[in-house]
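Reckoned from all heavy atoms, side chains included, excluding hydrogens, waters and symmetry mates.
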Amino acid sequence: MLRVFATFFVSVFFGICMPAEAADISAYQRGVLIQGTLQKGDYARLIQFIRHPDNYGRFARTVYLDSTGGDVAEAIKIANLLDKSYAATHVASGARCYSACFILWMSGVARHVSSGATLGVHRILVKHGEESVDPQSAYFTRIARGVENYMAGLGTPRAILDKMNATAPADLFVISPRWLAEQQLLAVMSYRLGFIDAAQARCGPEPVAAGMKAGATSGEDEFDRWVQQIRSWTTCADELRASSQKGDGMTIAALIAE
């Protein structure tokens, strides 16, 4: 299936701009950082990077993202690895994750966006040679549907897919926390659906969604308790994610060995 995607999307791009340089893959804090435009060969470079024992530990903890997009086929290959590896994806303060990078972010089991970071989506750009393909053509529609189906499989909400399809490639729809709250998508976007069900069975109700549903806190003490609940629940969920990685260790090792 992955080879079909790689062939099918050979001329499909998500990105505000397309510089020649490939993404930079490096150690960052306690995790791994993928930074820059996604280009062909980045998946192989990421595999080579995380094969080092020190770097695999970083990869298992957190994958940081800072990219304006790039090659969709390469993004899907990397996203498949993150998805199967129970990755935690994070856009740190000051970083951007647009277009094809958003696919990587959605492939995380746990997904985080720091204050001051931005997420954004727009419609794909399909090229045949040097010419852009008409968005009204059957060829474009077939490819766009394939990308959309893959993103839906990662748990991308219909509301975001609609915003993506309605936004021209030269523009950007910024996915703000306020918009997510208005759409009641904060919990859905923070964790993979199957994972959050398992996490809630083990750790109790997810406190952010529960707090939003309950409404504003009545005082500073109550707010502090809520923050502590979030920290405790996140720690419990991280322990479950690490346990899942260990349980599927052979599958993950086989992916990295390819």
Quiz item: E74 side chain to Y43 main-chain N or O, any donor-acceptor pair under 3.5 Å?
Solution: yes
Quiz item: Judged by atom type as modelled, is there a donor-acceptor pair below 3.5 Å linking the side chain of W105 to the main-chain atoms of Y98?
Solution: no
Quiz item: Could you walk me through whether R61 and D238 pass the salt bridge (Lys or Arg N to Asp or Glu O under 4.0 Å) check?
Solution: CA-CA 9 Å; R61 279 190 289 271; D238 283 344; over 6 Å; no
Quiz item: Atom OG1 of T156 and atom CE of M151: how far apart are they, to the nearest 0.5 Å?
Solution: 4.5 Å
Quiz prompt | Atom CZ of R231: over 12 foreign heavy atoms under 6.0 Å | solution = no
Quiz item: With a cut-off of 6.0 Å (strictly less than), are more than 12 heavy atoms of other residues, nucleotides or ligands near CD of Q184?
Solution: no
Below 3.5 Å, can you tabulate the donor-acceptor pairs from side chains in residues 22-32 to any protein atom, sequence neighbours excluded?
| unit_1 | atom_1 | unit_2 | atom_2 | d |
| --- | --- | --- | --- | --- |
| Q29 | OE1 | Y64 | OH | 3.1 |

Quiz item: Which distance, rounded to the nearest 0.5 Å, do you find between the CZ of R111 and the SG of C97?
Solution: 11.5 Å
Quiz item: Is the number of heavy atoms from other residues, nucleotides or ligands under 6.0 Å of R158 CZ greater than 12?
Solution: yes
Self-check item: OG on S107 to CD1 on I78, rounded to 0.5 Å
Solution: 9.0 Å
Quiz item: Between R51 (side chain) and I256 (backbone), is there a donor-acceptor pair under 3.5 Å?
Solution: yes
Self-check item: Separation between CD1 of I175 and CD of Q183, rounded to the nearest 0.5 Å
Solution: 11.0 Å
Quiz item: Got a sec, which pairs hit disulfide (SG to SG under 2.5 Å) with one end in residues 142-189, sequence neighbours left out?
Solution: none
Quiz item: Can you name the closest pair of heavy atoms from Q35 and L33 and give their distance?
Solution: OE1-CD2, 3.8 Å
Self-check item: Evaluation steps, side chain to side chain donor-acceptor pair (under 3.5 Å), between H122 and S99
Solution: CA-CA 6 Å; H122 60 70; S99 309; 2.7 Å; yes
Practice problem: Kindly indicate whether the side chain of I252, heavy atoms from C-beta on, has any atom under 4.5 Å from the side chain of Y56. | Solution: yes
Practice problem: Using modelled atom types only, decide if a donor and an acceptor are shared between the side chain of D42 and the backbone of Q39 within a distance under 3.5 Å. | Solution: yes
Practice problem: Go through S114 and H90 one step at a time and tell me if the side-chain contact (heavy atoms from CB on, under 4.5 Å) criterion holds. | Solution: CA-CA 8 Å; S114 294; H90 193 137; 2.8 Å; yes
Quiz item: Going through the distances and angles, do F195 and L240 end up as a side-chain contact (heavy atoms from CB on, under 4.5 Å)?
Solution: CA-CA 9 Å; F195 179 79; L240 175 62; 3.8 Å; yes
Quiz item: From I160 CD1 over to N165 CG, what is the distance, rounded to the nearest 0.5 angstrom?
Solution: 12.0 Å
Quiz item: Going through the checks in order, is the side-chain contact (heavy atoms from CB on, under 4.5 Å) test met by T37 and D71?
Solution: CA-CA 8 Å; T37 302; D71 187 278; over 6 Å; no
Quiz item: Between D66 and R96, is there a donor-acceptor pair closer than 3.5 Å when you use the side chain of the first and the backbone of the second?
Solution: yes
Practice problem: Write down the atom of P169, the atom of L125, and the distance for their closest heavy-atom approach. | Solution: CB-CB, 4.3 Å
Self-check item: Shortest non-hydrogen contact from A187 toward I196
Solution: O-CD1, 4.1 Å
Quiz item: Does a side-chain heavy-atom distance below 4.5 Å link R192 with M106?
Solution: no
Quiz item: Can you name the nearest heavy-atom pair linking A110 to R241, along with the distance?
Solution: CB-CD, 4.5 Å
Self-check item: All pairs passing disulfide (SG to SG under 2.5 Å) where residues 228-258 contributes a residue, at least two apart
Solution: C203-C236
Exercise. Could you pull out the closest heavy-atom pair between P207 and W233, with the gap in Å?
Key: CD-CG, 3.4 Å
Quiz item: Do any N or O atoms from the side chain of S85 and from the backbone of A87 form a donor-acceptor pair under 3.5 angstrom?
Solution: no
Practice problem: Determine, stepwise, if the pair F59 / F49 fulfils side-chain contact (heavy atoms from CB on, under 4.5 Å). | Solution: CA-CA 9 Å; F59 172 76; F49 182 85; over 6 Å; no
Practice problem: Please name the residue in the list L82, T89, V91 that meets the side chain to side chain contact (heavy atoms under 4.5 Å, CB included) test with L104. | Solution: L82
Quiz prompt | L119 side chain near V174 side chain, heavy-atom distance below 4.5 Å | solution = no
Self-check item: Considering all heavy atoms, the nearest S67-G36 contact
Solution: OG-O, 2.7 Å
Self-check item: Residues R123 and D171 bridged, charged N to O under 4.0 Å
Solution: no
Quiz item: Do you know which of I50, I47, L81 makes side chain to side chain contact (heavy atoms under 4.5 Å, CB included) with L255?
Solution: L81
Self-check item: Nearest-0.5 Å distance that lies between atom CG in D162 and atom OG1 in T167
Solution: 10.5 Å
